[in-house]
Protein chains: 2
Amino acid sequence: MSTLSDALPETRTDRYHHGDLRAALLDAAVHVLAEQGVSGLSLRECARRAGVSHAAPYRHFPSKEALLAAIASQGFAWLYEVGVAAMAPIADPVARLDAYGLSYVQFALAHPQHFRLMFTSECTLVAPTAQEQSADRAYVLLRDAAAAVSAPGVDPDVAAVAYWSRPHGLAMLLLDARIPAVRMASPEALEELIRATVHGDRWTP
Amino acid sequence: MSTLSDALPETRTDRYHHGDLRAALLDAAVHVLAEQGVSGLSLRECARRAGVSHAAPYRHFPSKEALLAAIASQGFAWLYEVGVAAMAPIADPVARLDAYGLSYVQFALAHPQHFRLMFTSECTLVAPTAQEQSADRAYVLLRDAAAAVSAPGVDPDVAAVAYWSRPHGLAMLLLDARIPAVRMASPEALEELIRATVHGDRWTP
DNA sequence: CGCATATGTTGACATCAGCAACATTAAGAC
DNA sequence: GTCTTAATGTTGCTGATGTCAACATATGCG
């Protein structure tokens, strides 16, 4: 009776019931987002792509904002994972902060619309446990490294904020094309920019 | 014949011609923006507030995006002025960078929606001469101070980007409430945060 | 005065978010 | 197996919006 393929949430559009519409909607939304940005993202377009009527999404998301929040949430989980992966194998605090900044900016440049959405949606995001774990791990790694390079007496949380703000600001300015394109022409130039921003006066070329 | 009050662009709603609808629309838009954020800002609402029909704005702005760009442009002019005012009287590079960061973050916190819009609109903004002048002055001041505190051999433009990214990132994270409110509870705590972010390892509490 | 241009108005269209009423399916109780 | 119930999807509607076209009015210049 119950085969594996039955158990899997296949995406079957030939049925009245979709199978896993929620996931299909999120997937569609991510694609639209990457293609057309937030302004081009409508619930109806997502429904269209999922092969479903315009009101179907409301069975899975109470509002458009909720859909956006879910996407943002996914993005955060992803970002944190990337950050943890970049920092974990590195012991030296300076190198770790550098790696974090690099992974952060690279993520933003690779997924500009997604990244922007994450820091644009005004809603407070509900953090699933899995994401929270990654977030916590990323934060601890960042804070420890930041505290290690900070002068004695500096609140570790303050130092962590500082070393988060720096790549974040750089990423935002890069996305907004507020920085001459020359600065991003080569990977080396970009890395120089990141290092200078993250490491401040400690860094020399 | 031509009195002063005639020359002034008064806002008269009792006439078929408005007087200075463009300015009135910008003004209305700024107010709506502050009250309800970008999502609550519609051309029709601005027209309503200016006491004018829903299509009238199209005689002054080719699209909604153009209106938003104009507001963003105003915001940049304002930001640059604030930055110049904060930096100009200060000679010490470290203190000047600090003052810049402080004015930057304070501007963002004082006008959160406006600030967010400035760095959200995807359009390339047309820079009027007056704004460009302020922008240039601000950039020169910032770059000089950044170069002064940088290690020899660091590209001044790279240093400038670094010292722009830092307060920018902090401002963004603060606006997104991604930083515990405790950190902003008192002006002193906020200043500590700004200094730590801007001045990195150079700074001690 | 008379005309050209700038500025506003009215009405329309397509799209969208969201709601309500209805249809279909899946899952469990008996 | 059948019945019932909740979950899921559909159709149709409303009010708001951005944008356009056609029309109306004012302003300035000859």
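A, B, ... follow the sequence lines: proteins, then strands. Residue 1 opens every chain.
- Straight-line distance from the CD atom of E45(B) to the C1' atom of dG15(D): 15 Å, rounded to whole Å.
- The ring pair (Phe, Tyr, Trp, His ring centres under 6.0 Å) test with Y104(B) singles out one residue from W78(B), F115(B), Y80(B), and that residue is F115(B).
- To the nearest angstrom, P of dT19(D) lies 13 Å from CZ of F61(B).
- The separation between L68(A) atom CG and dA17(C) atom C1' is 12 Å, rounded to whole Å.
- Between L41(B) and A55(A), it is A55(A) whose nearest contact on DNA chain D lies nearer the 5' terminus.
- Using a cut-off of 4.0 Å between Lys/Arg side-chain N and Asp/Glu carboxylate O, R48(A) and E45(A) are scored as salt-bridged.
- Look at CG on L67(B): it is 14 Å from C1' on dT17(D), rounded to the nearest Å.
- Distances shown here put every side-chain N or O of S53(A) at or beyond 4.0 Å from the OP1 or OP2 atom of dT11(D).
- Atom OH of Y58(B) and atom P of dA22(D) are 17 Å apart (whole Å).
- A donor N or O paired with an acceptor N or O is not found under 3.5 Å between the base of dA16(D) and the side-chain atoms of R44(B).
- In terms of position along DNA chain C, the nucleotide closest to L21(B) lies nearer the 5' end than the nucleotide closest to the other residue of the pair K64(A) and L21(B).
- One interatomic measurement links the two molecules: CZ of R48(A) to P of dC16(C), which rounds to 5 Å at whole-angstrom precision.
- Nearest to the side chain of A56(A), among dG18(D), dA17(C), dT10(D), sits dT10(D).
- Rounded to a whole Å, the CG atom of L43(B) is 13 Å from the C1' atom of dC20(D).
- For the pair R96(B) and D144(B), the salt-bridge criterion is not met [side-chain N within less than 4.0 Å of a carboxylate O].
- With hydrogens and angles ignored, no donor-acceptor pair closer than 3.5 Å exists between the side chain of H54(B) and the base of dG8(C).
- Residue H60(A) places at least one side-chain N or O closer than 4.0 Å to OP1 or OP2 of dG9(D).
- Taking CG of L170(B) as the reference point, atom CZ of R178(B) lies at 14.0 Å (rounded to 0.5 Å).
- One interatomic measurement links the two molecules: CZ of R59(B) to C1' of dA22(D), which rounds to 10 Å at whole-angstrom precision.
- Using a 4.0 Å cut-off between charged nitrogen and carboxylate oxygen, D155(A) and R183(B) count as a salt-bridge pair.
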